[in-house]
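All chains are named by letter (A, B, ...) in the order of the sequence lines, taking the proteins before the strands, and each is independently numbered beginning at 1. Because only heavy atoms are used, hydrogens play no part in the values below, and waters and symmetry mates are left out as well, while side chains stay in.
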Protein chains: 2
Amino acid sequence: MISHAEENYLKAIFKISEKEAKAASTNAIAAELQTTAASVTDMLKRLAEKNLIAYEKYRGVELSGEGNRLATALIRKHRLWEVFLVEKLGFAWDEVHDLAEQLEHVQGDDLVDRLDNFLGHPKFDPHGDPIPDAQGRWAFRPQSLLATLKPGDRGVVTGVDDHSAAFLQYLDQLGLTLGAQLELIERIPYDQSLRIRTQDGREITLSEKVGHNLFVKI
Amino acid sequence: MISHAEENYLKAIFKISEKEAKAASTNAIAAELQTTAASVTDMLKRLAEKNLIAYEKYRGVELSGEGNRLATALIRKHRLWEVFLVEKLGFAWDEVHDLAEQLEHVQGDDLVDRLDNFLGHPKFDPHGDPIPDAQGRWAFRPQSLLATLKPGDRGVVTGVDDHSAAFLQYLDQLGLTLGAQLELIERIPYDQSLRIRTQDGREITLSEKVGHNLFVKI
DNA sequence: AATAATTTTTAGACTTGCCTAAAAATATTT
DNA sequence: AAATATTTTTAGGCAAGTCTAAAAATTATT
Ligand SMILES: [Mn+2]
Ligand SMILES: [Mn+2]
Ligand SMILES: [Mn+2]
Ligand SMILES: [Mn+2]
């Protein structure tokens, strides 16, 4: 059996490895889980003992095959519950993460697969993140950071890199939710601000920071 | 804050008090939660400290106002999730209890009320048990144990007292699910067995035990 | 290469929740 | 009322998971 805490560590290691493409460090894991390096070391020993990670002292960790399988299943559950909360219960996309963080730990034979079926096998969650299927396969969808567009390029909002409520609410306010169309008018040389035109013809200026946290499909 | 374990104790005390109408004993709580009397005593001290129960050594416990409120909210969550699992995900009524046992602990502002709304404000769960509303008010529906009917009485199945999978599956097999109509033909004097006629004209003999675990509305 | 800075691990302690065995209190029987 | 049986509490201990402070290892700088 695997505890909630262990599951959370596996997911954290998965996410770090996804970005960094090298062994996850103790400090990175501590930051991701908002805990201390000492607690992380304790847990890494336990996870290594269970063969869920490959752990070398001072060298960071990588998930084992089984660890990877478990982390993927957890992410699948998390994202499916987020879809449920938004599509069926009417929550906003900035309200669902903490609830999904709890729901992902519910254990049950075909609960996830039945949920998946009920939701119509969604491929992406409310933040545009891909949902692995029952076999752990990931959907792929080409997308670029808004910051990489060139003036004149048109795109559709497909996801976010920053998942904070503050950012998501700001996007709501701007009308830049998933599926929103936009066109890059120009990039201001002084501070890399981005002037864009929205579907309904409004012109908006976005900071460089926004440009680096918003994904669009060209 | 209140832990999962504490919530489970409050619910257990509520259920015992509901049946017995007097202070719940340490042993009764231990039996309900399948734990030891010593563990129960430990927890009762903690709950008393938090003013969730009135606890007198050797005299059993009763829920405080706040304890009652929390236990009611927990039962509401448990039963609403059971409705979701059966109505929306297509689980059988004998498969949902353990899942609801986990889902009831998910904490979130209006999660329960949104779920309630999504489900259309059901008043009873898949086992016929009443679901308290957001204010903690219980629906009442008059019903009698099948064993109390007299020959010639007709009734509709409205609930079960025994919630075990074995009993629920047996009822499925007999076609005696919620809403099924039946008529008591006779009670066998020798062993109090009950001969009944179902909607579709079948004659079935049920043990005294079944008669004491099946609720019907006359 | 030596020193300084940073990262990681160890040591020791705390909380929650559980357990078994023994002692104390209460209830039942004789 | 005394003896016996049952229930409940206490005592002591264990595992998971967390923390702070200190030690050890690694990395960066001079
Ligand atoms: Mn999330
Ligand atoms: Mn998400
Ligand atoms: Mn149940
Ligand atoms: Mn139920």
Nearest-nucleotide comparison on DNA chain D, the residue closer to the 5′ end among B:Thr26 and A:Thr36: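 The residue mapped nearer the 5' terminus is B:Thr26.
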Please tabulate, one pair per line, all N/O donor-acceptor pairs under 3.5 Å involving side-chain atoms of residues 209-218 of chain A, not counting sequence neighbours.
from     : atom 1 : to       : atom 2 : distance (Å)
A:His212 : ND1    : A:Glu208 : O      : 3.2
A:Asn213 : OD1    : A:Asp162 : N      : 3.4
A:Asn213 : ND2    : A:Lys209 : O      : 3.0

Run the salt bridge (Lys or Arg N to Asp or Glu O under 4.0 Å) test against [X] and tell me which residues pass, sequence neighbours left out.
{"X": "B:Glu101", "value": "B:Lys11"}
{"X": "A:Asp113", "value": "A:Arg76"}
{"X": "A:Arg79", "value": "A:Asp125"}
{"X": "A:Asp133", "value": "A:Arg137"}

Nearest-angstrom distance from the residue atom [atom1] of [X] to [atom2] of [N]:
{"X": "B:Leu47", "N": "C:dT16", "atom1": "CG", "atom2": "P", "answer": "12 Å"}
{"X": "B:His105", "N": "C:dT16", "atom1": "NE2", "atom2": "C1'", "answer": "15 Å"}
{"X": "A:His4", "N": "C:dG17", "atom1": "NE2", "atom2": "C1'", "answer": "15 Å"}
{"X": "A:Ile29", "N": "C:dT7", "atom1": "CD1", "atom2": "P", "answer": "14 Å"}

Protein N or O to nucleotides 11-13 of chain C N or O, pairs below 3.5 Å:
none

Would you find a donor on one side and an acceptor on the other, under 3.5 Å apart, between the side chain of [X] and the backbone of [Y]?
{"X": "B:His163", "Y": "B:Asp161", "answer": "yes"}
{"X": "A:Arg141", "Y": "A:Thr158", "answer": "yes"}
{"X": "A:Lys77", "Y": "A:Leu111", "answer": "no"}

Under 4.0 Å between a Lys/Arg side-chain N and an Asp/Glu carboxylate O for B:Glu66 and B:Arg69?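 Salt bridge present between B:Glu66 and B:Arg69.
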What I'd like to find out is whether the side chain of B:Ser25 reaches to under 4.5 Å of the side chain of B:Val61, using heavy atoms alone. no
List the atom pairs, donor and acceptor, that lie under 3.5 Å between side-chain atoms in residues 84-94 of chain B and the rest of the protein, sequence neighbours left out.
from    : atom 1 : to       : atom 2 : distance (Å)
B:Trp93 : NE1    : B:Leu168 : O      : 3.3
B:Trp93 : NE1    : B:Asp172 : OD1    : 3.4
B:Trp93 : NE1    : B:Asp172 : OD2    : 3.3
B:Asp94 : OD2    : B:Gln169 : NE2    : 2.6

Let me have the donor-acceptor pairs involving side chains of residues 45-55 of chain B, under 3.5 Å, with sequence neighbours excluded, atom names and distances please.
from    : atom 1 : to     : atom 2 : distance (Å)
B:Lys50 : NZ     : B:Met1 : O      : 3.0
B:Lys50 : NZ     : B:Glu6 : OE1    : 3.1
B:Lys50 : NZ     : B:Glu6 : OE2    : 3.0

Using a 4.0 Å heavy-atom cut-off, does A:Thr41 contact any base of the nucleic acid, only the sugar-phosphate backbone, or nothing at all?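 Touches a base.
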Assign A:Ser39 to base, sugar-phosphate, or nothing according to its heavy-atom contacts below 4.0 angstrom with the strands shown. base
Could you list where the contact with chain B starts and ends along DNA chain D, reading 5' to 3', using a 4.0 Å heavy-atom cut-off?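 Listing 5' to 3', DNA chain D meets chain B from D:dT7 to D:dT10.
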Among residues 51-61 of chain A, which ones have heavy-atom contacts with DNA chain C below 4.0 Å? A:Tyr55, A:Lys57, A:Tyr58
Selection: residues 5-13 of chain A, any non-hydrogen atom under 4.0 Å of DNA chain C: none
Which pairs would a plain distance check flag for residues 28-40 of chain A, meaning a side-chain donor or acceptor within less than 3.5 Å of a matching protein atom at least two apart in sequence or in another chain?
from    : atom 1 : to      : atom 2 : distance (Å)
A:Thr36 : OG1    : A:Ser39 : N      : 3.2
A:Thr36 : OG1    : A:Ser39 : OG     : 2.9

